[in-house]
Amino acid sequence: MPESLLGIIEQLEQLARYDGPWKVLRDEAPKLASQCAELREREQRLDDVLVVALVGGTGVGKSTLLNAIAGDNIAETSAMRPCTAVPVVYHPPGLRMDFGDWKQVPRSALEYLVLIDTPDSDTIVHRHRELANAVLRQCDLVILCASPEKYLDEDTWSLLRPMRGERTMICVETKASEQESICDDWRKRLEADGFAIEQYFRVNARQTFDRKLVGGPALAGEYDFPRLEMFLRQELSKERIARIKRSNAAGLLQQIAARLNDHARTAGNHLECLNLMVHAADKEIARDSCSRIENRLLAAPHLWSFAIGREISLRAKGVLGTLYRLAEVVRSLPARLPMMLTGSPSSGRQAAALLTGQELAGDDFELVQSPIVEEYRTRYSEIALAFTRAGIDPPSEETSLEAFKQEFARRLTGMLQGPARQRLIQHAALLTSWPTTLFFDVFPLVFVAFCGYKIVRDYFTGPILGTDFFIHSGAVLALLLAAELLLLAILARWLGWAARRRSVGDLRAAMHAPQLAFQRETQTLAAIKDELHTATNLLDEVR
Amino acid sequence: MEETLGEALSGFDAVLAAWKTALAGFPTLQARLFENTAEWDKLLRYKLLPHLEGEGCLVAAAAGGTNTGKSTVFNLLLGRDISPIRSTAAATCRPVVAASPYRYGQCLAGRLMPEFQPLHLEDAEMLVNGLAPENALFAACDESLPDRLVLLDIPDVDSIDKQNWEVAENIQASGDVLIAVLTGEKYKDDRVIAFFRRAHAAGRIIIPLMNKANPENDFEVARAQIDDFAKEIGLDGAMRFAIAHDFSVAKHLNAPIEPLDGQLPLRAHLESLDAAAIKAQVYKESVAHFVSQTGEFLDRAQETFSSIGDIVREIEHHAAACADRYDPQPDESVGELLHEYITARRSNFSQYVSALGTRIGRNLAPIGQYVQQAVRKRTTLGAEPPNPTQDEVTERTVKSVERFACDFIRDLFQTTNNLREPAKGMLLQALEFLDADEAIEAVGKCMVSDSELSESFRAHVEHTLDLWWEEQPMRRFLLQELDALLLLSPAAIAIPIAIHTGGLGAPEIAAAVSPLAGVFFSRIMEHQLADQWLDLIAPWRAEQQVRFRVTLEEHILTPCLAPLRQALEACDANTFETLRRHRESCRKAC
């Protein structure tokens with residue numbers, strides 16, 4: 001038990017340090033912290049002496065009882081009320097414990113016990129009540145003293161009520177006389193109010209004290225006093241003391257656990273709802289973002305032709321390749337000119353830059369379009385309201401939105417720079433591979449060779465070829481090259497579009513992965529869930 | 001006209017009752033407001049109102065802590081065994097009255113202590129078993145008692161059975177003389193002292209009696225204890241009595257209760273008291289006590305209500321702040337206004353040309369748009385978002401309004417959490433009942449339901465532009481020149497082309513450029529007016545903000561603040577005034 005108790009205390013202390021967004025626990029923390037301190041103190045004193053407090057209303061004879069137990073006049077008694085103003089600590093000699101300015105009498109023969117006579121719980125001197133409370137907090141065992149007149153006094157009961165279950169209690173009826181005992185009524189009432197009573201003794205302390213001063217054997221008028229003395233001297237063995245202390249600590253723990261459990265249960269329901277809500281909103285935002293990117297950013301064929309055109313120009317070989325590069329320079333001019341001229345590119349040109357492997361400064365990143373931000377803000381408002389209703393502070397809109405923007409940009413960039421770009425490069429490589437280059441180059445080369453052969457042959461054999469031959473063959477060559485160029489351009493465009501179709505699939509997968517939006521909110525909920533988990537685990541351990 | 005005491009008291013009671021009924025729906029507020037008012041309320045209901053026409057009968061009750069022997073004292077006073085005596089505490093839980101046959105009859109008829117339900121005491125067990133109704137008063141007939149005195153035995157004031165306190169307090173309020181039954185243990189208990197201190201302050205006559213006293217040295221200890229007690233509650237010169245500690249006392253009921261100061265025994269002392277004078281005095285002091293207590297109550301209540309009023313105002317202020325933050329974006333209708341104005345300022349000729357161009361251009365517009373889009377697509381490498389339709393614009397407005405409303409509700413929650421009770425509880429409850437989604441939706445709907453520009457705003461725009469137009473003759477002239485140039489340039493290009501091609505292509509050019517001229521012109525104007533743009537639309541924004549505020553008020557504030565406002569209504573300044581007036585009359589009357 002001690003090890004596990006320490007563990008529990010540590011966990012509780014961790015909970016008590018909580019300063020997160022969960023308002024309920026934050027409000028609970030100070031109380032929890034003070035209870036943790038108490039628990040820790042109790043845990044440290046687990047092997048120490050048993051501190052017994054004599055508690056009761058004014059004039060019931062607490063001091064007389066202490067005197068009777070001690071057999072000496074150690075606590076002041078009087079007929080005038082209230083009498084005891086300072087707690088009297090009666091303990092075995094040589095005990096080292098800090099009792100402040102309370103009156104100490106180090107003469108006790110009870111080895112494992114410290115008896116404290118408390119001031120009255122019900123006088124008009126309100127400081128006495130505070131002192132009594134202080135003693136109660138220190139003690140492990142309460143000897144509740146009462147007379148027939150006082151056993152139902154609300155003042156004493158209200159003092160003890162908060163300690164129900166946290167202190168072992170013993171009832172002592174101090175002014176037993178020939179009148180009927182109050183035992184049954186008292187016990188019945190205590191039990192009805194949730195007090196657990198270990199032992200019940202009926203004594204007449206004054207009689208015993210008088211007898212002890214004179215000396216001699218116990219008399220009949222002392223009722224249960226010998227039994228009480230026996231109980232204090234012998235039955236309160238070391239093991240029993242330890243058991244009492246443990247059960248007190250357990251009582252306190254139970255109380256904490258019950259309270260935490262209440263919070264945990266309500267918070268559990270809230271969390272469930274909030275999680276669902278955040279999850280739904282996340283999905284919604286993902287769907288919305290996805291469709292917007294698909295229909296706006298990635299919808300233009302020019303983006304893909306531009307990107308694949310650039311890749312091809314980088315790799316193009318041969319005659320037609322060179323021609324294509326030249327044509328590409330002209331064709332991409334409208335797209336490249338503003339890119340060179342202006343500093344902040346549009347999202348389309350940003351996407352093009354990403355697709356073609358250029359680096360972008362993070363600050364200029366404006367891939368998230370304002371309609372998506374608007375949508376996000378709306379959702380955020382709803383979620384924040386739900387959070388506040390459930391008693392959880394939502395993360396601020398700026399941090400939430402910033403996190404979303406970053407995540408959004410990360411996913412989109414990842415897709416554009418990763419699979420989409422790879423696919424474009426693959427396609428470009430296909431078009432610029434040797435066989436393709438050869439395929440495209442072979443026709444013009446063959447034609448040129450044929451023309452050359454014809455020129456040479458005619459030079460030796462027949463009349464020299466006329467100008468119209470050169471014009472015609474030049475025209476045919478140009479037409480041939482133009483047709484091939486067109487074919488290549490169409491192929492490039494088609495492959496670029498094909499890459500786009502596959503990339504849209506990637507995009508959907510990337511965007512629909514959970515936690516695109518409302519990351520901070522999800523994290524907050526997860527953190528609270530952890531706390532809840534700790535609390536629930538504690539509860540099980542305590543049980 | 002001066003009110004009589006009776007009128008004032010019953011007036012006070014009536015207003016208070018009406019007030020309580022009005023606040024019945026707000027238990028937290030009621031509890032808060034009427035905290036610590038039980039004492040004077042009881043005084044009012046059990047003493048001041050019913051005993052207005054006092055019959056000159058002295059009501060003496062044995063009061064004190066549990067198990068101090070109140071019933072024993074009661075029985076001793078009567079010399080008979082009426083109230084059952086138990087060794088256990090908190091036994092007597094209903095009051096019992098002993099009265100002469102005449103008073104007994106009166107009592108059963110409900111005229112002696114009208115606020116209690118009189119019951120004939122058939123079985124003494126009824127006093128201790130707690131089955132009788134809470135306001136029951138058992139009556140027993142005792143022939144030895146004179147008509148001018150009735151004796152009561154009442155429950156304790158300090159045990160854990162709190163309903164006993166209640167009964168004791170009620171009797172205390174309606175009685176005249178209290179026999180403080182004390183013991184060595186209880187004479188200085190907090191609760192006992194507090195009970196008698198209150199009773200003494202309210203004008204009750206208190207006779208201390210030390211029960212179970214030590215008779216040694218002529219009750220020396222008991223005397224000291226009683227003096228201690230008397231000092232504590234501020235009582236001086238009281239008669240002191242004591243009963244020696246003796247378990248058999250209950251068996252010798254005929255023994256008189258001896259005084260400590262050598263005069264009449266307790267019963268004789270009670271009988272010797274001048275009933276009418278004491279009654280009058282007690283009544284007077286009760287009224288005085290009532291007046292002083294209610295003054296405090298009225299101050300506190302007024303303070304509570306003014307704090308509630310402050311909270312309501314603070315929240316209204318929040319709503320106003322939220323509305324101020326609301327930043328509506330002017331939609332097309334505002335822009336159109338500008339165009340209208342500019343078009344109206346063009347010269348007749350320009351208007352004619354531009355109308356012609358527009359008419360031709362309308363048919364050819366798709367071609368122009370296609371060319372424009374094709375160029376733009378190649379430049380931006382992205383698909384241009386289509387121009388938002390009116391529905392989309394509306395939807396966007398609705399969303400932004402809804403967001404504001406949502407944030408406002410959140411703000412309300414946060415404000416509420418920082419408030420003090422009872423306003424906090426009332427507001428939280430109202431907020432719990434508020435269907436946030438519905439309210440937000442309603443606000444959104446309301447804001448777009450009627451987006452017509454108001455006449456005053458139109459006038460304002462007109463006025464601002466007029467001023468600008470008049471003040472900048474140079475710019476105006478340049479603009480008009482530019483406008484003419486823009487309108488005429490297509491014609492200048494088109495005419496030579498038409499001469500060469502026989503009319504081919506000229507209308508196309510005219511059609512493509514002419515409508516653009518109008519747009520160019522408007523843009524230039526807008527740019528020129530940019531620094532005044534905010535001022536220009538400020539009234540429109542203000543109008544929208546006011547509308548937003550009214551909508552918030554209607555859909556969110558009204559349901560949320562309803563309880564607070566109702567509470568405030570239930571208790572206007574008038575109520576306080578009336579209560580204070582009645583109180584003042586009471587004060588004067590005594």
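In what follows, chains are A, B, ... by sequence order, proteins preceding strands, each numbered from 1.
Taking all atoms of both residues into account, the shortest heavy-atom contact from B:G69 to B:N211 is CA-ND2, 3.6 Å. Taking each heavy atom of B:T68 and A:E149 in turn, the nearest pair found is CG2-OE1, 3.9 Å. Heavy atoms only, all atoms of each residue included: B:E402 and B:G444 are closest at CG-CA, 4.1 Å. Nearest heavy atom pair, residue B:K70 against residue B:G64, reads CD-N, 3.3 Å. When all heavy atoms are compared, the tightest approach of A:D288 to A:E375 is OD2-CG, 3.7 Å. Here the shortest heavy-atom pairing between B:A63 and B:I154 reads CB-CD1, 3.7 Å.
Note: B:I315 CD1 to B:C560 SG = 8.0 Å, rounded to the nearest 0.5 Å. Between the CG atom in B:D190 and the CZ atom in B:R197 there is a gap of 8.0 Å [rounded to 0.5 Å]. With values rounded to the nearest 0.5 angstrom, B:H318 atom NE2 is found 8.5 Å from B:F408 atom CZ.
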For A:S381 and B:D407: C-alpha separation, side-chain torsions, deciding distance, then whether side-chain hydrogen bond (donor to acceptor under 3.5 Å, both in side chains) applies. CA-CA 6 Å; A:S381 281; B:D407 286 345; 3.0 Å; yes
Given the rule in the side-chain contact (heavy atoms from CB on, under 4.5 Å) test, do A:W186 and A:L144 qualify, once you have shown the distances and angles that lead to the verdict? CA-CA 11 Å; A:W186 194 7; A:L144 178 55; 3.8 Å; yes
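Scanning for side-chain contact (heavy atoms from CB on, under 4.5 Å) contacts around B:T416 gives B:K424, B:L427, B:L428, B:L431, with sequence neighbours left out. For B:S71, the side-chain contact (heavy atoms from CB on, under 4.5 Å) partners at least two apart in sequence or on another chain are B:S83, B:I85, B:T92, B:D153.
Between chain B and the options A:V125, A:V60, A:T58, A:D153, the largest number of non-hydrogen pairs under 4.5 Å is found for A:D153. If you tally non-hydrogen atom pairs under 4.5 Å between each of A:L385, A:D185, A:T388, A:D393 and chain B, the highest count goes to A:L385. Top candidate by heavy-atom pairs under 4.5 Å with chain B, chosen from A:R377, A:K23, A:E374, is A:R377. When each of B:R403, B:K212, B:R396, B:K188 is checked for heavy-atom pairs under 4.5 Å with chain A, B:R403 comes out on top. When each of A:G61, A:G57, A:S147 is scored by its heavy-atom pairs under 4.5 Å with chain B, the top score falls to A:S147. Ranked by heavy-atom pairs shorter than 4.5 Å toward chain A, the options B:K186, B:K162, B:K399 are led by B:K186.
Interface with chain B: from residues 155-162 of chain A, residues A:D155, A:W157, A:R161 qualify, criterion being any non-hydrogen pair under 4.5 Å. Residues of residues 221-229 of chain B having a heavy atom under 4.5 Å from any heavy atom of chain A, listed by number: B:V221, B:A224, B:Q225, B:D228.
No part of A:F387 comes within reach of chain B, as not one of its non-hydrogen atoms sits under 4.5 angstrom from that chain. Both the backbone and the side chain of B:I409 come within less than 4.5 Å of a heavy atom of chain A. For B:F404, no part lies near chain A; criterion is any non-hydrogen pair under 4.5 Å. Using a 4.5 Å cut-off between heavy atoms, A:P371 makes no contact with chain B at all. Neither the backbone nor the side chain of A:R129 comes within contact range of chain B; no heavy atom of the residue lies under 4.5 Å from a heavy atom of that chain.
Side-chain contact check for A:H270 versus A:C273: every heavy-atom pair is 4.5 Å or farther apart.
Ionic pairing of A:R379 and A:E284 is present here: one or more N-O contacts between side-chain nitrogen and carboxylate oxygen are shorter than 4.0 angstrom.
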